[in-house]
Amino acid sequence: MSGPFAEFRDECTRLVKAALEREGMPAEDVRLATPSDPSLGELSFSTFALAKKVRGDPRAIASRIAAAAHGGAWRLVGKVEAAGAGYVNFYIEPKAFAEELIRSVSTEGSGYGTSRGDGEKVLVEHTSVNPIHPIHIGGARNAVIGDCLSRVLKAAGKDVRRHFYIDDVGLQVSQAAYGLSMLGGEEAVRSAAKGKRDHFIGFVYASTSCAMNIRALKGEIERLKAEGKDEEARLKIRELDDWVSVSAELREKDAETFDRILGGVNASADPEGEVAELLKRYESKDPAAVSLIRGLCDAALEGFRETLGRVGIVFDSWDWESETASWNGGAKEVVERLSRTGFTKLEDGTVVLDCEAVVERFGLREKYGIKTEVPPLTLMRSDGTTLYTTRDIAYTLWKFGRADRVINVISIEQKLPQLQLKIALHALGMGDDAERLMHYSYELVHLPGYKMSGRRGRYVTFDEVLEEAVQRAYREVTERSPHLSEEERRRISEVVGVGAVRYALAAVAPQKPITFTWDRVINFEQNSAPFIQYAHARACNILVKAGEGWRGAAVDYSALCSKHERELVIMLSKFPEVVEEAARSLRPEEIAEYANELASKFNLFYDNVPVLKAEGEGAKNARLRLVDSTRIVLSNALALLGVKAPERM
RNA sequence: GGGUCCGUGGCGCAGACUGGAUAGCGCGUUGGCCUUCUAAGUCAAUGGUCGAGGGUUCAAAUCCCUCCGGACCCGCCA
């Protein structure tokens, strides 16, 4: 049983079932719904489906069920009424229900809403931003979703481990490291970087990819022109134009660093070859390559930890791709094992997995809703290095050894490789394990006007969004609460600004694309973290003014009889079920929805029902308990979103 | 071209998995409420053929089909 509302629901269900059995009607499938209007009760049962089955009149059946309720000894069920064309509406017994709810919340405190659960081990991999640029607003969405999901699962009694996968073996990291080597290698990050080092690395990476792209495109254009392929050349020229404008943007930021990288790239006979060589050396654990690339990754991760720490996101494990998949021979072993299955082919020196053949062989088409041919997956390059998905297969096997269920929070862009990963598991004869793996996908954050691109250095960073949010919050706090000390205003604006950003990213369903605007991400009005935090602060304020005397004093729960008190009580009672449901359906945004609605209900109560000036001590104490319960639940709900609840603001 | 996801008042969203009573909320616009606990609040007004068209059903924003629009993917990138 999870909370008073679940108990009320249970009583209603038993009531309906008992009535149906007495009438000789089928009572297996009794599901209750929330009426569209609170005046119609807290739960309802619709009799249409049943009426059809037994060829009866829905209205008459509803009446008979309602009549059967009279005389029953129900604890939390008050009134039961037949209504409309075929509904039975259930109302709570206000006094008993309020008492039960308030006792539950005050006993359980910060544990109210959590459940014991089954202790299933769930590994949530999230954020996993490539260590070649700072976390941008798209990565922030991943981080916030993954963190909220972890919190919700934990509250539902799961044994959650949060993992960050460091993709240090990729071509991109080698490219960034190649650029870094023009600046003097890993020492350059330590000394040269002003500001956050992940930002510096982002600049190095963008500069390197820009320089390499310009050089490669120029070569291609010359070749195409010489071959008389003017049409193709024209397309490449357009691409080149884009990169030339990127180079101007980068030079404007730091011309010296950019020019050194550009010079280095142009001085090389074969930059692509050098990057590939560096990757190859890293995969074979060559000390100089390791020192360079790890130096770069460490600097980026230091920046990530700082940013994530600011928003309250921490990890239980930082998994290096090199260690979980590459240096331990995991990825190579995956290639060998897959090669033995007969599903791979050798094409120009590369090893390719025939995904389509696996899909056919194991009948996966229907299982995964595959309607088209699945493209083959290259497992190994002709130079013997592995590809990302190959290493991800090895990493997945590593994860399976550490959890019952694995959830990967990865953007929708990687839908196909994540499917290919599952297909590879089937090929390995691990079809059952594939069921334990889930790609939790989310849509991208778009920028108005242009697309974010790490390679081009075009992104809005999480850091700048947070900074702007906290500054706006500071202006707001200063304007509204000038009496607070500077230090307290700073502290509050940090909590409010960070909360606003987290809420904005957590509240939108993951499968909806977001177009970034400042006003959207930093909102202090209704349906925002500050709105909810404000309700919490108001509740705290009443309690501060009330002192401590009320806690042991006599209480008259029957005083909580107004519409606003009743709705607030019911809202509070639903929290445990909301948490369970959010965990079951993996939808943390339902917590945001709930918290917002609870704050709205509390504001209505606050504006309409006097607490400290209530008539009678019993009523005042009952309301104080209700305020205290609201404070606790608002704080618990915000905690699931990773948002702090200030006592003043 | 193929596939997947999304489409709900001017704008931003909830409701869809599990069909149910007059489709909720915020922003915006207009007009009220601070000598009762913090006005980041609240009240009222305004505004919707739930992308279009079919189908299933006693009942469809919700399920099915077709179409339109947008995003994403279809690499020896990740």
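Per chain, numbering begins at 1; letters A, B, ... match sequence-line order.
- Residue contacts shown for A/T385 are absent, as no nucleic acid heavy atom lies under 4.0 Å away.
- Side-chain atoms of A/R587 lie closest to B/G15 of the nucleotides B/G75, B/C37, B/G15.
- Taking atom C1' in both B/C6 and B/U30, one finds a spacing of 34 Å when rounded to whole Å.
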Pairs: protein N or O with nucleotides 56-62 of chain B N or O, under 3.5 Å:
unit_1 : atom_1 : unit_2 : atom_2 : d
B/U57  : O3'    : A/K52  : NZ     : 3.2
B/C58  : OP1    : A/K52  : NZ     : 2.1

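- With hydrogens and angles ignored, a donor-acceptor pair under 3.5 angstrom links the side chain of A/S44 to the base of B/A21.
- Atom-to-atom distance recorded for A/S339:OG and A/M380:CE is 7.5 Å, nearest 0.5 angstrom.
- The side chain of A/H446 has B/C72 as its nearest neighbour among B/C72, B/C73, B/A39.
- Between A/K451 and the phosphate of B/C72, there is a side-chain N or O to OP1/OP2 separation shorter than 4.0 Å.
- Going from the C1' atom of B/G24 to that of B/G70 covers 25 Å, rounded to whole Å.
- Residue-level contact check: A/A537 touches the bases, meaning some heavy atom is under 4.0 Å from a base atom.
- Here A/R623 does not reach the OP1 or OP2 of B/C37: none of its side-chain N or O atoms lies under 4.0 Å away.
- Each of B/U42, B/G20, B/A39 was ranked by its minimum atom distance to the side chain of A/Y87; first place goes to B/G20.
- Taking the centre and axis of the six-membered ring of A/Y205, the NZ or CZ atom of A/R455 falls outside the cone set by 45° and 6.0 Å.
- Contacts of A/V477 with the nucleic acid, taken as non-hydrogen atoms under 4.0 Å apart, include base atoms.
- A centroid separation of 6.0 Å or more is found between the aromatic rings of A/F45 and A/Y87.
- Among the atoms of the strands shown, none is found under 4.0 Å from any heavy atom of A/Q175.
- Rounded to a whole angstrom, the distance from the C1' atom of B/G51 to that of B/A71 is 15 Å.
- Taking both residues in full, the closest heavy atoms of A/P510 and A/Y440 are given as CG-OH, 3.6 Å, listed atom of the first, atom of the second, then distance.
- You'll find the side chain of A/K512 stays beyond 4.5 Å of the side chain of A/Y442, heavy atoms only.
- Nucleotide B/C13: paired with B/G24 (Watson-Crick or G-U wobble, both distances less than 3.5 Å).
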For nucleotides 2-7 of chain B, print each protein N/O atom paired with a nucleotide N/O atom at under 3.5 Å, atom names and distance only.
unit_1 : atom_1 : unit_2 : atom_2 : d
B/U4   : OP1    : A/K371 : NZ     : 3.0
B/U4   : O2'    : A/K415 : NZ     : 2.6
B/C6   : O3'    : A/K512 : NZ     : 3.4
B/G7   : OP1    : A/K512 : NZ     : 2.8

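- Across every strand in view, B/C72 sits in a pair with B/G3 that passes the Watson-Crick or G-U test at under 3.5 angstrom.
- Among the heavy atoms of the strands, none lies under 4.0 Å from A/R59.
- No hydrogens or angles were tested; on distance alone, a donor-acceptor pair under 3.5 Å links the side chain of A/N89 to the base of B/A21.
- Heavy atoms only, all atoms of each residue included: A/T386 and A/A331 are closest at CG2-CB, 3.9 Å.
- Rounded to a whole angstrom, the distance from the C1' atom of B/C34 to that of B/C43 is 14 Å.
- The number of heavy-atom neighbours closer than 6.0 Å to CG of A/D348, taken from other residues, nucleotides and ligands shown, is 12 or below.
- Both distances falling under 3.5 Å, in either a Watson-Crick or a G-U wobble arrangement, place B/G53 opposite B/C65.
- Residue-level contact check: A/R31 touches the backbone only, with heavy atoms under 4.0 Å from sugar-phosphate atoms and none from bases.
- B/G28 sits 15 Å from B/C13 when the C1' atoms are compared, rounded to a whole Å.
- Summarising the local packing, CD of A/E373 is surrounded by 12 or fewer heavy atoms from other residues, nucleotides or ligands at distances under 6.0 Å.
- Other residues, nucleotides and ligands place no more than 12 heavy atoms under 6.0 Å from the CD atom of A/E647.
- In this structure, A/I370 reaches neither bases nor backbone, as no heavy-atom distance under 4.0 Å exists between it and the strands shown.
- If you check every strand for non-hydrogen atoms under 4.0 Å, A/E581 touches a base.
- Rounded to the nearest Å, the gap between the P atom of B/C72 and that of B/U66 is 24 Å.
- Looking at heavy-atom distances under 4.0 Å, A/P58 makes no contact with the nucleic acid at all.
- Residue A/E593 places its side chain closer to B/A14 than to any other of B/C72, B/A14, B/C77.
- Listed here is the closest heavy atom pair of A/N523 and A/S528: O-CB, 3.0 Å.
- An OP1 or OP2 oxygen of B/C11 is reached within less than 4.0 angstrom by no side-chain nitrogen or oxygen of A/R520.
- When the C1' atom is compared between B/U62 and B/A16, the two are found 4 Å apart, to the nearest whole Å.
- B/G48 is unpaired under the Watson-Crick or G-U wobble criterion, no partner having all donor-acceptor distances under 3.5 Å.
- When both distances must be under 3.5 Å, the Watson-Crick or G-U wobble mate of B/C34 does not exist.
- For A/T378, taking side-chain heavy atoms from C-beta onward, the closest of the listed nucleotides B/G75, B/C37, B/C77 is B/G75.
- Here A/N603 reaches the OP1 or OP2 of B/U42: one of its side-chain N or O atoms lies under 4.0 Å away.
- If you check every strand for non-hydrogen atoms under 4.0 Å, A/F531 touches sugar and phosphate atoms only.
- Base-pair partner of B/C77: not found among the strands shown (Watson-Crick or G-U wobble, both distances under 3.5 Å).
- The aromatic rings of A/W518 and A/F516 stand perpendicular to each other, their planes meeting at an angle above 60°, with 30° marking the opposite boundary.
- Using a 4.0 Å heavy-atom distance criterion, A/T350 is classed as a base contact.
- With hydrogens and angles ignored, a donor-acceptor pair closer than 3.5 Å exists between the side chain of A/S382 and the base of B/C76.
- Nucleotides B/A60 and B/A39 place their C1' atoms 42 Å apart, quoted to the nearest Å.
- Residue contacts for A/E373: at a heavy-atom cut-off of 4.0 Å it reaches no nucleic acid atom on any strand shown.
- Contact annotation for A/M649: base contact, defined as any heavy-atom pair under 4.0 Å involving a base atom.
- At a threshold of 4.0 angstrom between heavy atoms, the contacts of A/V609 include nucleobase atoms, whether or not backbone atoms are also involved.
- Both A/Y606 and A/T34 lie near RNA chain B, and the one whose nearest nucleotide falls closer to the 5' end is A/T34.
- By the 6.0 Å and 45° rule, A/R625 does not stack over the aromatic ring of A/W550.
- In terms of heavy atoms, A/L50 sits closest to A/P26 at CD1-O, 3.6 Å.
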